[in-house]
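Quick notes on the structure that follows.
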Amino acid sequence: MTLWPETSAALGVITPSGNRVVERVTIGILAHFPKVSCHFSRTPVFGSVDPYPDGYDWDGMLGAAALLDHADPDLLVWNGSKAGGIRFALDDELAARVSRRLTSSTLVLRGLLAARGWRRIGLVTPYSAAGGARVERTFAAEGFPCTAAVHAELADNLSYAAIPAERIRAMCRRAAAARPDVLVAWCTNFPAAPLVAGIEAETGLPMLDSTSLAVWGALRALGIDPRPAAAWGSIFAAPEG
């Protein structure tokens, strides 16, 4: 491998400011695609109290997008899961407000669940009971009821990234016991992405992780075959979305 491969596509990724997972997962997946460059910007999301519980800090979000615009990316990616606890259309509004084509964890999730006919969700999150319940209500309102939901009962954004792998596996096993159509690990600061393939093999269920899902969706949007990253889960291994 050359130290500086020619670039064929550039992604501009917006991540919450208190997030320790998005960059690591994105870089890990894109290691399989050395001609895709990735450039990050952050919007303020941190701590345990959200000053914008029903929407985005639009100044922060659009400011992050504007900074990425300087790098002239082919696609913007909002790798954040907040709309999944409010309304999916919030990310449609975001896409309409930015100057470039944009996708997000929530928009990719909505499209993939519909395309695969997956309706019954086994939801796993790091959130408190109240935060997790918001996600459950939103998913149900969008037509994707949660037949099982397991939450880690944490409140501080930074704490989500420190959940041990074995605890995440145990949470997924509990959700899988209800035999949903698909397991969904929801929160882009929740380090479930490296565990997906193993959990799928153990449970016999497909699994979606919000963080890796956004990267998968970005590759597909750019017309790039995701199969070189098949180790990250079954959606990467399948040639079709």
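What you see is a predicted model, and the numbers here were worked out from it, not measured in a lab.
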R167 (side chain) donor-acceptor with A152 (main chain) under 3.5 angstrom: yes

R42/E23 ion pair, N-O < 4.0 Å: yes

Flag side-chain contact, heavy atom, 4.5 Å: I168 against P191: yes

4.5 Å side-chain heavy-atom contact, V45 and N19: no

side-chain contact (heavy atoms from CB on, under 4.5 Å) assessment of T7 paired with V36: CA-CA 6 Å; T7 299; V36 179; over 6 Å; no

Minimum heavy-atom distance A221-L75, with the two atoms named: CB-CD2, 3.9 Å

Heavy atoms of other groups near R20 CZ, more than 12 under 6.0 Å: no

Shortest non-hydrogen separation from I224 to A9 and the atoms involved: CD1-CB, 4.5 Å

Check: L76 and V13 side chains under 4.5 Å, non-hydrogen atoms: no

Partner set under salt bridge (charged side-chain N to carboxylate O under 4.0 Å, His left out) for D69, not counting sequence neighbours: R100

Criterion side-chain contact (heavy atoms from CB on, under 4.5 Å) on T15 and V21, from CA distance to verdict: CA-CA 9 Å; T15 180; V21 172; over 6 Å; no

Any P16 side-chain heavy atom under 4.5 Å of F46 side chain: no

Hydrophobic cluster identity match, L102 and V108, side-chain contacts under 4.5 Å: no

Atom pair CZ/CD1 of R220 and I235 - distance to nearest 0.5 Å: 9.5 Å

Same apolar cluster: L112 and I199, side chain cutoff 4.5 Å: yes

Side chain to side chain donor-acceptor pair (under 3.5 Å) between H39 and S37, intermediate numbers included: CA-CA 7 Å; H39 314 278; S37 68; 2.8 Å; yes

From L11 atom CG to F40 atom CZ, the distance as rounded to the nearest 0.5 Å: 8.5 Å

Flag for T188-Y160: side-chain donor and acceptor within less than 3.5 Å: no

Same cluster (ILVMFWY, side-chain, under 4.5 Å), L158 and Y127: no

L195 to A165 - nearest heavy-atom pair and separation: CD1-O, 3.7 Å

Whether F88 and F144 hold their rings parallel, tilted or perpendicular, with breakpoints at 30° and 60°: parallel

Over all atoms of both residues, closest heavy-atom pair of A229 and I29: CB-CG2, 4.0 Å

Backbone of R179 reached by a side-chain donor or acceptor of R120 within 3.5 Å: yes

Atom pair CG/CG of L107 and D91 - distance to nearest 0.5 Å: 5.0 Å

Option among E136, E153, H151 that satisfies the side-chain hydrogen bond (donor to acceptor under 3.5 Å, both in side chains) test with T125: H151

Atom of I86, atom of G55 and distance for their closest heavy-atom approach: CD1-N, 3.6 Å

Residues that R101 engages under salt bridge (charged side-chain N to carboxylate O under 4.0 Å, His left out), provided they are two or more places apart: none

CH2 on W78 to OG1 on T43, rounded to 0.5 Å: 6.0 Å

Partner residues of V196 under the side-chain contact (heavy atoms from CB on, under 4.5 Å) criterion, sequence neighbours left out: E200, M207, D209

Between N79 and S105, a side-chain donor and acceptor under 3.5 Å: yes

Main-chain N/O of Y56 paired to K82 side chain as donor or acceptor, under 3.5 Å: no

Trace of the side-chain contact (heavy atoms from CB on, under 4.5 Å) decision for S104 with L94: CA-CA 9 Å; S104 76; L94 173 61; 5.6 Å; no

Interatomic spacing from OG in S210 to CZ in F190 - rounded to 0.5 Å: 9.0 Å

Minimum side-chain heavy-atom gap W216-W232 below 4.5 Å: no

Pairwise side-chain contact, P180 with I121, heavy-atom cut-off 4.5 Å (strictly under): no

Lys/Arg N to Asp/Glu carboxylate O, R116 vs D181, below 4.0 Å: no

Pair W186-L208, side-chain contact (heavy atoms from CB on, under 4.5 Å): steps then yes or no: CA-CA 8 Å; W186 196 250; L208 305 178; over 6 Å; no

Shared hydrophobic cluster for Y52 and V135 (ILVMFWY, side-chain gaps under 4.5 Å): no

Single-linkage hydrophobic cluster V215~L222, side-chain heavy atoms < 4.5 angstrom: yes

Flag, side chain of R227 to backbone of A237, donor-acceptor distance under 3.5 Å: no

Results of salt bridge (charged side-chain N to carboxylate O under 4.0 Å, His left out) for E166 - residues two or more places apart only: R169, R173

All pairs passing side chain to side chain donor-acceptor pair (under 3.5 Å) where residues 57-66 contributes a residue, at least two apart: none

Reported CG-to-OG distance for the pair L205 and S234, which is rounded to 0.5 angstrom: 10.0 Å

All salt bridge (charged side-chain N to carboxylate O under 4.0 Å, His left out) counterparts of R97, not counting sequence neighbours: E93

Side chains of V77 and I14 in contact at under 4.5 Å (non-hydrogen atoms): no

Side chains of L154 and I163 in contact at under 4.5 Å (non-hydrogen atoms): yes

Non-hydrogen atoms of L30 and C38 that approach each other most closely: CD1-CB, 3.6 Å

